[in-house]
Structure formats: structure tokens, C-alpha cells
Amino acid sequence: MKVVVLCGPESSGKSWLSGEIQAHFGGVVVSEYVRHFIDQEQRDTCYADIPTIAQGQLAWEDQARQLTPELLILDTHLLSNMLWSHALFDDCPPWLEQALLARHYDLHLLLSPQGVGWVDDGQRSQPDLNDRQRFFDDSLAWLARHRQSVQIIGGEWPQRSAAALKAVQRLLEGKSPTCPTEC
């Protein structure tokens, strides 16, 4: 089983690209649990919700891993929970990072906020490009610090799709990403 994670700031195409990858290669997609949580609770999240959201994300991921698909596509993972917890509440339960580091991910597709516009969907909260760029930079710094396999995906929608599909194809063929920076 190969595990691909789409990560990066909101409104950069993670959910859309998850669907594109699945449509092209098959596999199982795990959605972003926090969206489900907010829909169920009908309120903004608070710091006390972070463990519940993280545990929900892990549970969804674990259920999908049990299916042992050839390709597992994660719309997000605990890195997003950690960064949002710090951004919104200036704190994060320390076990999130430990839980994230205990899992294996074959490839992170880190989506740049550059080249695509922000879309308000009722749950997003970073319309300012500088805020989304900071989230991207923090994601890249964490991934680099922990020596995670990462491919930066940028450009407009067609370029993002082509670069993501190419990166996943290379992964499935047993090859490393073609470049660690924007393709």
C-alpha cells in the first residue's frame, strides 16, 4: 500500500486533487474529519475540540488502512490539525506530533497557495494570501525538519493536476519525486 497525503493551506485544492488522483489511479480517499465535525456540531471549533478532531482523523485513516488498498489518498493528516491548533489557539496537544511521526506516509503533496484564488465555503478562515503562504511555509518547514518525502505542487488548476498525477505515477512505479520544489 502506498500512502499519499495532500497537505497545505486551505483553498489550495487538496480535496479536488484527492478526487482527481482517485479518478485516475483508483484507491481509497480519506476526507478531512474537521469538516465533518463542524457540520455535525454547527459551530466554530475551540481548543478543547482539537483532540476529538485529531482522533476522528486518525480513526478514519485507520479504517481506510485496514482495507489495504494499493493507493491510500489522505485529503489531510495531523499536520494540518497541529498547524491550525497553533494558528487558532497558540497551543497544540503534544501527542498529535508524536502520533503523526509514528505513522508512515510515502509522499506528501504540498499545495502552494500561489496561483489559485481563495474560495469562501463557510468553514474557511484565511482569505489573506499571506496567511495561507505562512501556513504553507510552516508545513514545508515541518516536513523538511522531519525528513518527509514531499513534492510541492503549484500553478493553476491544470498544472496542479498534471504535477500531482505525475508524482503519484512515479510513486506507484517505485521512483522518487522528480523535484522537491514546484513542478
Distance-only side-chain donor-acceptor flag, [X] / [Y], under 3.5 Å:
{"X": "Ser161", "Y": "Glu20", "answer": "yes"}
{"X": "Trp142", "Y": "Gln148", "answer": "no"}
{"X": "Asp75", "Y": "Ser15", "answer": "yes"}
{"X": "Asp62", "Y": "Gln66", "answer": "no"}

If you take all heavy atoms of [X] and [Y], which pair is closest and at what distance?
{"X": "Ser85", "Y": "Cys92", "answer": "OG-CA, 3.4 Å"}
{"X": "Val30", "Y": "Glu61", "answer": "CG1-N, 4.0 Å"}
{"X": "Arg160", "Y": "Leu17", "answer": "O-CD2, 3.9 Å"}
{"X": "Gly8", "Y": "Ser139", "answer": "CA-OG, 4.3 Å"}
{"X": "Val29", "Y": "Ser18", "answer": "CG2-O, 3.8 Å"}
{"X": "Val116", "Y": "Ser11", "answer": "CG2-O, 3.8 Å"}

Going from [atom1] on [X] to [atom2] on [Y], what distance comes out if it is rounded to the nearest 0.5 angstrom?
{"X": "Arg65", "Y": "Thr68", "atom1": "CZ", "atom2": "OG1", "answer": "11.5 Å"}
{"X": "Arg35", "Y": "Ile53", "atom1": "CZ", "atom2": "CD1", "answer": "12.0 Å"}
{"X": "Asn81", "Y": "Tyr33", "atom1": "CG", "atom2": "OH", "answer": "11.0 Å"}
{"X": "Ile73", "Y": "Ser31", "atom1": "CD1", "atom2": "OG", "answer": "10.5 Å"}
{"X": "Leu79", "Y": "His146", "atom1": "CG", "atom2": "NE2", "answer": "9.0 Å"}
{"X": "Leu171", "Y": "Phe25", "atom1": "CG", "atom2": "CZ", "answer": "9.0 Å"}

CA sep, side-chain torsions, deciding dist, call: Leu165, Ile21, side chain to side chain contact (heavy atoms under 4.5 Å, CB included): CA-CA 6 Å; Leu165 294 176; Ile21 293 167; 4.2 Å; yes
Verify the neighbour count for atom [atom1] of [X]: are there more than 12 heavy atoms of other residues, nucleotides or ligands below 6.0 Å?
{"X": "Glu156", "atom1": "CD", "value": "no"}
{"X": "Arg145", "atom1": "CZ", "value": "yes"}
{"X": "Asp90", "atom1": "CG", "value": "no"}
{"X": "Gln169", "atom1": "CD", "value": "yes"}

Any side-chain heavy atom of [X] sitting closer than 4.5 Å to one from [Y]?
{"X": "His77", "Y": "Leu6", "answer": "no"}
{"X": "Lys166", "Y": "Gln151", "answer": "no"}
{"X": "Asp49", "Y": "Arg43", "answer": "yes"}
{"X": "Leu143", "Y": "Leu110", "answer": "yes"}
{"X": "Ser112", "Y": "Ile153", "answer": "no"}
{"X": "Leu109", "Y": "Cys7", "answer": "no"}
{"X": "Ile50", "Y": "Thr52", "answer": "no"}
{"X": "Phe136", "Y": "Ser12", "answer": "no"}

Charged N to carboxylate O under 4.0 angstrom, [X] versus [Y]?
{"X": "Asp131", "Y": "Arg134", "value": "yes"}
{"X": "Arg170", "Y": "Glu173", "value": "no"}
{"X": "Lys14", "Y": "Glu32", "value": "no"}

Distance flag, aromatic centroids of Trp84 and Phe89, threshold under 6.0 Å: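 No, the ring of Phe89 stays outside the 6.0 Å limit from the ring of Trp84, centre to centre.
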Does [Y] offer a backbone N or O that forms a donor-acceptor pair with the side chain of [X] under 3.5 Å?
{"X": "Asp106", "Y": "Val4", "value": "no"}
{"X": "His108", "Y": "Ser149", "value": "yes"}
{"X": "Glu70", "Y": "Met1", "value": "no"}

Check against side chain to side chain contact (heavy atoms under 4.5 Å, CB included), Leu172 and Lys2: CA-CA 7 Å; Leu172 294 174; Lys2 298 293 184 186; 4.0 Å; yes
Shared hydrophobic cluster, Leu129 / Leu140 (ILVMFWY, side-chain heavy atoms < 4.5 Å):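 No: no chain of side-chain contacts under 4.5 Å links Leu129 to Leu140.
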Intermediate values then yes/no, side chain to side chain contact (heavy atoms under 4.5 Å, CB included), Val3 and His104: CA-CA 8 Å; Val3 183; His104 174 76; 5.7 Å; no
